[in-house]
Amino acid sequence: MTTPRQVTPLAAVLLAPNPGPMTLDGTNTWLLRAAGEQGCVVVDPGPDDAGHLAAVAAAGRVELILLTHGHADHSAGAAALHRLTGAPVRALDPAHRLGSEGLTAGDVIATAGIELRVLPTPGHTSDSLSFLLSGDERPAPALPADAAGTAGLPSGPGVLTGDTILGRGTTVVAHPDGRLGDYLDSLRLLRELGETMVLPGHGPELPAAGRAAEHYLAHRRDRLEQVRRALVDAGVDAAEADPADVVRRVYADTDRALWFAAELSVRAQLDYLREHPDIP
């Protein structure tokens, strides 16, 4: 059975066995608790995989299950983990809630010796949330079967970003549910977190949310400019453009297995350009 890897004194991660082009090495399931706490908060239980969920349950009493958003690679295992542990599931989208109320911007969750502040970060999806993590960071005993403990781990707050910021590469704006304008606003919000560590939904942790968000914003500016040039070359405006043609022009160097995802982002970019024709 896979054992958790302690990332900070408050956060450990279990990697789900669902690697792929869209999930990188797999979904990061986060286990959150302070020193001496037996219970934990689980963020994004991942796919409905019996072995993975058993490993999550074995890491300690699950008090609460939170979802950053409803995509199946993050949420499909939530119902099974709820049945296994009795822990309620909280999410922004009512369709994913089980046995508890929902989540809204500004909510503060205090349990297992930690505090999570709910940040609205739509854009990847309309229901995307991030969670700003803080708590008592005194050295904690190791998680079950994890002999490494927490000595020498980076301290300070962390932010769980789901798919809004990944640990490697960039994310898709999942049109039509995801909207680029919302996503840019969410990145600007996360940029304000400065040196806060990023605990992403996929890929490795990152040292600073501010730098990661600024990199993402620069990438989106570059992509928008590439799309604008593609429209000029094709002699069309954003309302007339064929998204598949824009993908062929802008994402020519991208693995074709990812073109379906690129087309979602292009559709979001075209919508944004139609709505903001005068923004440089």
Side-chain angles (χ1 to χ4, degrees), residues 1-7 10-33 37-104 107 109-114 116 118 121 124-131 133 143-146 158 160-164 166-167 171-172 174 177 199-203 205:
M1 183 181 293
T2 303
T3 58
R5 176 175 64 90
Q6 199 74 36
V7 176
L10 301 178
V13 66
L14 271 169
L15 182 64
N18 61 335
M22 299 297 291
T23 57
L24 304 181
D25 302 319
T27 299
N28 291 331
T29 294
W30 290 97
L31 310 172
L32 312 176
R33 65 173 139 213
E37 295 285 339
Q38 297 302 307
C40 67
V41 175
V42 173
V43 177
D44 287 351
D48 189 1
D49 179 273
H52 177 65
L53 298 176
V56 173
R61 185 181 69 252
V62 178
E63 295 184 356
L64 181 63
I65 302 164
L66 302 177
L67 300 180
T68 60
H69 64 296
H71 279 169
D73 57 312
H74 295 256
S75 68
L81 188 61
H82 170 69
R83 292 192 296 271
L84 187 63
T85 66
V89 180
R90 296 184 66 182
L92 180 62
D93 185 344
H96 296 289
R97 302 172 191 167
L98 289 168
S100 187
E101 67 271 31
L103 293 169
T104 58
D107 282 352
I109 299 162
T111 190
I114 62 165
L116 291 166
V118 180
T121 51
H124 169 67
T125 61
S126 62
D127 69 333
S128 287
L129 299 170
S130 295
F131 302 109
L133 168 66
L143 286 169
D146 178 9
L160 295 100
T161 56
D163 284 355
T164 300
L166 304 179
T171 198
V172 63
D177 181 51
L199 308 175
H202 303 279
E205 57 273 12

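Index from 1, following the sequence.
To the nearest 0.5 Å, atoms CZ (Phe131) and OG1 (Thr121) are separated by 8.5 Å. Atoms CG and OG1, on Leu199 and Thr161 in that order, are 7.5 Å from each other to the nearest 0.5 Å. Atoms CG and OG1, on Leu53 and Thr85 in that order, are 9.5 Å from each other to the nearest 0.5 Å. Going from atom CG of Leu160 over to atom CG of Leu66 covers 9.0 Å, rounded to the nearest 0.5 Å. In this structure, CD in Glu101 is found 8.0 Å from CG in Asp107, a value given to the nearest 0.5 Å. Summarising the geometry, atom CZ belonging to Arg5 is positioned 7.5 Å from atom CG belonging to Asn28; distances are rounded to the nearest 0.5 Å.
Between Pro17 and His52 the shortest heavy-atom distance is CD-CB, 3.8 Å. Smallest separation of non-hydrogen atoms from His124 and Val172: ND1-O, 2.7 Å. Between Ser100 and Pro88 the shortest heavy-atom distance is CB-CB, 3.4 Å. Taking all atoms of both residues into account, the shortest heavy-atom contact from Leu32 to Ala11 is CD2-CB, 3.6 Å. Across Ala112 and Glu63, no two heavy atoms sit closer than the pair N-OE1, 3.7 Å. Nearest heavy atom pair, residue Ala91 against residue His96, reads CB-CB, 4.0 Å.
Remark: side-chain polar atoms of Arg90 are not paired, donor with acceptor, to backbone N or O of Ile65 under 3.5 angstrom. Trp30 places a side-chain N or O within 3.5 Å of a backbone atom of Pro200 that can act as its donor or acceptor partner. Of the possible polar contacts, none joining the His69 side chain to the Asp93 backbone as a donor-acceptor pair under 3.5 Å is found.
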List the steps and the verdict of side-chain contact (heavy atoms from CB on, under 4.5 Å) for Val13 and Leu31. CA-CA 6 Å; Val13 66; Leu31 310 172; over 6 Å; no
How far apart are the C-alpha atoms of Asp163 and His74, what are their side-chain angles, what is the distance that settles it, and do they pass the side-chain contact (heavy atoms from CB on, under 4.5 Å) test? CA-CA 9 Å; Asp163 284 355; His74 295 256; 3.0 Å; yes
Derivation and outcome, side-chain contact (heavy atoms from CB on, under 4.5 Å), residues Thr104 and Val118: CA-CA 7 Å; Thr104 58; Val118 180; over 6 Å; no
Under 3.5 Å donor-acceptor pairs involving side-chain atoms of residues 75-83, not counting sequence neighbours:
residue: Ser75; atom: OG; partner: Gly70; partner atom: O; Å: 2.9
residue: Ser75; atom: OG; partner: His71; partner atom: O; Å: 3.2
residue: His82; atom: ND1; partner: Ala87; partner atom: O; Å: 2.7

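Residues satisfying the side chain to side chain contact (heavy atoms under 4.5 Å, CB included) criterion with Asn18, sequence neighbours excluded, are Ala16, Thr23, Thr27, Pro47, Asp73.
Between the side chains of Thr68 and Asp44, at least one donor-acceptor pair of N or O atoms lies under 3.5 Å. Thr164 and Ser130 share no donor-acceptor pair across their side chains, judged by distance under 3.5 Å alone.
When each of Leu14, Val56, Thr29, Leu15 is checked for a side chain to side chain contact (heavy atoms under 4.5 Å, CB included) with Pro4, only Leu14 meets the rule.
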